[in-house]
Every structure is written in C-alpha cells, then in structure tokens.
Amino acid sequence: MADFSKREIAERYDLLGRDLAKKGIEIDQAKDRISRFTVEVPSWVFGAFGGGRFSEYLPPGAARNVFEKFDDAAIVNKLTGATPKVSINIGWDDPDVGPFDKIQVDSFKKLRDYAQKVGLKIGTVNPTYYLKGSHFGSLSANNPETRKRYIKHSLVSAEVASRYATGVLTIWLPDGSLYPGQVDLQTAERNVANSLKEIYSRMPESGYMLIEYKLFEPGTYHTVISDVSVASGLARSLGDRAGVIIDLGHHPHGVNIEHIVARLIGDRMLGGFHFNTRYASDDDLAVEPSMEIFRIFHKLVTGGVIGNSDPRKDWVYVIDQCSALENRIHAVLHSVESLTVSYAKALVVDEDKLGRFQDSNEIILANRTLVDAFLTDVRPIIYMARQEKGLPIDPIEAYVQSGYQQKIDRERKQR
Ligand code: PSV
Ligand code: MN
C-alpha cells in the first residue's frame with residue numbers, strides 16, 4: 001500500500017533518477033511514457049461472465065447490464081487515468097436486448113453516447129461466435145447457413161467498430177473439434193479462410209481486424225486457429241488491415257511469447273495483446289508483474305511498438321480477464337498496476353550494456369542486465385506520473401476508500 005507525501009515521492013524519484021542516469025537513462029522520459037500508457041478494459045469482467053461455477057454466485061456488485069459495466073469501467077479510469085477504452089462483445093453488450101440475428105448497428109450509438117458521458121470510449125469490438133447455433137462451428141461450420149449467419153454477425157460488428165468505436169475488430173473463434181475424425185482439418189481451415197476473406201473484403205475500409213488464436217477450449221482435440229502461425233498466415237492472406245492478437249492464456253506451457261512478439265514486429269504485422277495471467281490453463285486471472293510480462297514489454301519497447309508516435313504502428317492492448325470469486329474492480333485495478341509496473345521496468349533496461357554483452361557472448365552478464373531492470377523498484381516513476389496528473393498514488397487503496405463498492409453492492413442486489 002502506498003501512502004507517501006509529495007516530498008517523499010520527490011525524494012524517491014530523485015534517488016532513482018540519479019541511479020538511472022548512471023546507465024544513461026533519463027527518468028523524466030520514462031515517466032512521460034508511463035503517463036501516456038493506456039490499456040483497454042474488458043466489459044466482460046464487470047458482469048456475469050465468469051461467475052456461475054458455484055451455483056449462481058457472482059462476485060460482489062456484478063454489473064447487471066452494459067451501462068453498469070461502463071459505470072464500473074469509468075471508476076477504473078477515473079482512478080488510474082489509464083483505461084479510457086472498453087472492449088465490448090456484440091451479442092452480450094447490446095443496449096437493446098434482442099435476438100442474435102436482429103442486432104442493430106444503430107443501437108450502439110446509445111452505448112457510445114453513454115460511454116462519452118462517463119468519460120470513456122468503446123475500444124476493440126468482439127463479434128461473439130459462440131452464440132446461437134455455433135456448437136458445430138461458426139465461420140468453419142460445414143453448414144453454409146451457419147457460416148452465413150456468423151459472417152453477417154461479423155459485418156454488423158465491424159460496422160459498430162467503425163461507426164462507434166476505434167474500428168478494430170478482434171476475432172476469436174471457438175471452432176474446433178472434440179475427437180479426431182470429427183471434422184476434416186483442411187476443410188475447417190478453408191471455411192474459416194474463405195469466411196474471413198468475405199468479412200475482410202466487405203468490412204468498412206477504415207476498419208482493422210486482429211485474429212486471436214488459442215490452442216484449446218472448447219475444442220479438446222483441435223481448434224481451427226490454434227497458434228500464431230495459423231493466425232498470422234490468415235492475416236497475411238487477407239491484407240495489411242489484418243493482424244494477430246496474442247492472448248497470454250492461449251499457449252501451451254513454456255512457449256516463449258516475447259519471441260512471438262519479436263517475430264510479429266519483424267514481419268511488420270499489426271498486433272495486439274489480451275493480457276491476463278494463467279497458472280494451469282486459460283484462467284483469465286488478473287495480471288501479475290511477472291518476469292514474463294516484463295520481457296514482453298521489453299520487446300514491445302525495443303521493437304519500437306509501444307508508445308510509437310504514429311498510432312498505426314503501435315499495437316492494441318486489452319486486458320482480457322474474468323472474475324469468478326475475486327472483487328472485479330480490485331482485479332482490474334491490479335492488472336492495470338501490474339502492466340504499468342512491467343512497462344516501467346522495460347524502460348529502465350541498460351540497452352547499451354545489454355548490447356555489449358550480447359556482442360561479446362557474455363551470456364550470464366547479458367541476462368543479469370535484464371534481471372537488474374526487472375528488480376528495479378520503478379514505482380517512484382509511476383507515483384510521480386500519477387501525482388502530476390492529479391491521480392491517486394495507489395488506485396486500489398483509493399477504490400477501497402471511495403465507497404463505490406458499498407454503493408453498488410447495495411444498488412445491484414436485485415437482479
Ligand atoms: C477466448 O478464450 C477469449 O480469450 C476471447 O478473447 C474472447 O473474446 C474472450 O476470451 C472472452 O470470451
Ligand atoms: Mn482473449
């Protein structure tokens with residue numbers, strides 16, 4: 001818990017600044033980059049999704065509709081100054097609840113206006129491919145009628161994205177199979193490729209598409225877009241408005257995710273992240289400031305992606321998490337904190353030294369240079385950035401003190 005006076009923050013900041021200067025790192029530059037860092041929050045963490053494992057239990061104060069989800073996202077943004085956009089799912093977050101086939105693009109104007117009212121914007125838009133009738137596949141289905149319905153759903157979503165949000169469509173398909181032999185692997189992939197081609201060619205020209213991959217679930221034997229090579233192959237075949245979004249929970253254990261980042265940057269592929277922590281599998285837990293997240297940020301920094309002054313060269317950053325038991329807002333604030341800390345650590349790597357050790361094959365010394373940055377307590381940078389913006393130094397503590405939780409616990413008892 002951080003409870004520092006202005007003077008204490010200034011002292012800590014100066015001390016760290018002097019240390020970093022010895023490595024040729026300008027602390028003010030790092031602080032300015034941290035000040036500008038933003039990440040989208042997912043609408044689905046605030047509502048019912050993810051609950052339900054223990055009968056109808058939901059985390060305290062769960063939002064009952066999309067507007068309450070935006071209210072919760074607004075307090076997260078107010079406390080962090082870092083989450084002005086909310087990622088939504090078409091089919092879950094519709095202001096006018098109606099049948100899947102009748103979703104109206106225009107009804108999202110209401111949501112865009114409400115978002116503006118509470119100081120937010122709609123961010124990435126997810127078509128939802130696991131709604132009605134997709135249990136045997138959506139864009140991969142053998143049944144052409146099913147494919148047609150989900151292509152239409154994707155185009156409605158793309159229209160929402162371009163008209164009322166940032167134009168970025170994030171696509172995750174639950175398509176796959178449970179048993180060998182259930183589907184023909186090539187046919188399923190061809191159906192997806194053709195469906196995506198149709199969506200890409202008909203979506204608004206200002207729009208972008210990021211394709212998400214996942215090794216497992218709900219498919220137990222195979223998923224059609226199982227890994228980065230399938231996703232990037234599809235994106236490449238579509239064109240330069242298509243890219244890949246990496247979800248940290250979607251890989252086998254031990255995969256080197258920063259290497260994937262490096263490869264996508266090297267390929268000049270549009271990219272994005274769904275941040276979360278997984279322990280066993282796709283757990284969708286709050287982000288911790290782990291060495292892995294630090295290494296990923298280091299690649300995003302050295303690859304010239306994060307914070308690029310040309311927004312088209314930057315990636316898209318989204319928290320993709322759910323809460324089953326934990327307080328939803330604490331969990332999101334914890335993720336924002338962990339990502340900010342990890343980004344700041346990536347900014348204090350002594351790159352010259354690292355380069356020298358790499359050139360002279362000093363393996364452990366190179367590794368130690370990275371570890372040294374990871375072990376640096378960068379919080380004075382973050383505190384100073386927040387103080388300058390008039391934000392609370394410790395957003396979670398500020399949330400606990402705010403009384404918001406008690407208010408929503410009271411108001412949202414009835415569902
Ligand atoms: C699928 O597991 C996923 O990661 C996709 O990104 C969805 O949009 C999100 O979870 C919520 O279902
Ligand atoms: Mn995801």
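Sequential numbering from 1 along the given sequence is applied to the chain's residues. In listed order, ligands and their atoms are each counted from 1. Remember, it's a predicted structure, so these values are computed and weren't measured experimentally.
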Listed by chain and number, what are the salt bridge (charged side-chain N to carboxylate O under 4.0 Å, His left out) partners of D240, not counting sequence neighbours?
none

Is E217 in polar range of ligand 1, meaning some N or O pair under 3.5 Å apart?
no

Answer with yes or no whether the side chains of W44 and D320 bring together a donor and an acceptor at under 3.5 Å.
yes

Sorted by first residue and then second, give each ring-ring contact (aromatic ring centres under 6.0 Å, His included) pair with at least one member in residues 174-215; sequence neighbours left out.
Y213-H251

Using distance alone, decide if ligand 1 has a nitrogen or oxygen within less than 3.5 Å of any nitrogen or oxygen in K214.
yes

Should we say atom NZ of K85 is surrounded by more than 12 heavy atoms from elsewhere, each under 6.0 Å from it?
no

Is there side-chain contact between N126 and W172, with at least one heavy-atom pair below 4.5 Å?
no

Does a side chain donor of either N276 or D283 reach within less than 3.5 Å of an acceptor in the other side chain?
no

Any idea which atoms of ligand 1 are less than 4.0 Å away from a heavy-atom of H274?
6 (O)

Of T124, I306, L339, the one forming a side-chain contact (heavy atoms from CB on, under 4.5 Å) with Y317 is I306

Determine whether the side chain, the backbone, both or neither of T170 has a heavy atom under 4.0 Å from any heavy atom of ligand 1.
neither

Sorted by chain and residue number, which protein N/O/S atoms are under 2.8 Å from the Mn ion (ligand 2)?
E212 OE2, D247 OD2, H274 ND1, D320 OD2

Residues two or more places apart in sequence or in another chain: which of them pass salt bridge (charged side-chain N to carboxylate O under 4.0 Å, His left out) with K345?
none

Against heavy atoms of N126, which atoms of ligand 1 measure under 4.0 Å?
8 (O)

Ignoring hydrogens and geometry beyond distance, is a side-chain donor-acceptor pair present between S35 and E388 at under 3.5 Å?
no

Short list, please: which atoms of ligand 1 are under 4.0 Å from a heavy atom of D282?
2 (O)

Taking non-hydrogen atoms only, is D320 closer than 4.0 angstrom to ligand 1 via side chain, backbone, both or neither?
side chain

Distance-only N or O hit between ligand 1 and W44, under 3.5 Å
no

Polar contact flag, side-chain donor to acceptor under 3.5 angstrom, Q405-D409
yes

For ligand 1, is any non-hydrogen atom under 4.0 Å from F216's backbone (N, CA, C, O), its side chain (CB onward), both, or neither?
neither

With nothing but distance in play, are any N or O atoms of W172 less than 3.5 Å from an N or O of ligand 1?
no

Can a side-chain donor-acceptor contact be found between Q104 and D96 if the only test is distance below 3.5 angstrom?
no

Does Y130, backbone or side chain, put an N or O under 3.5 Å from an N or O of ligand 1?
yes

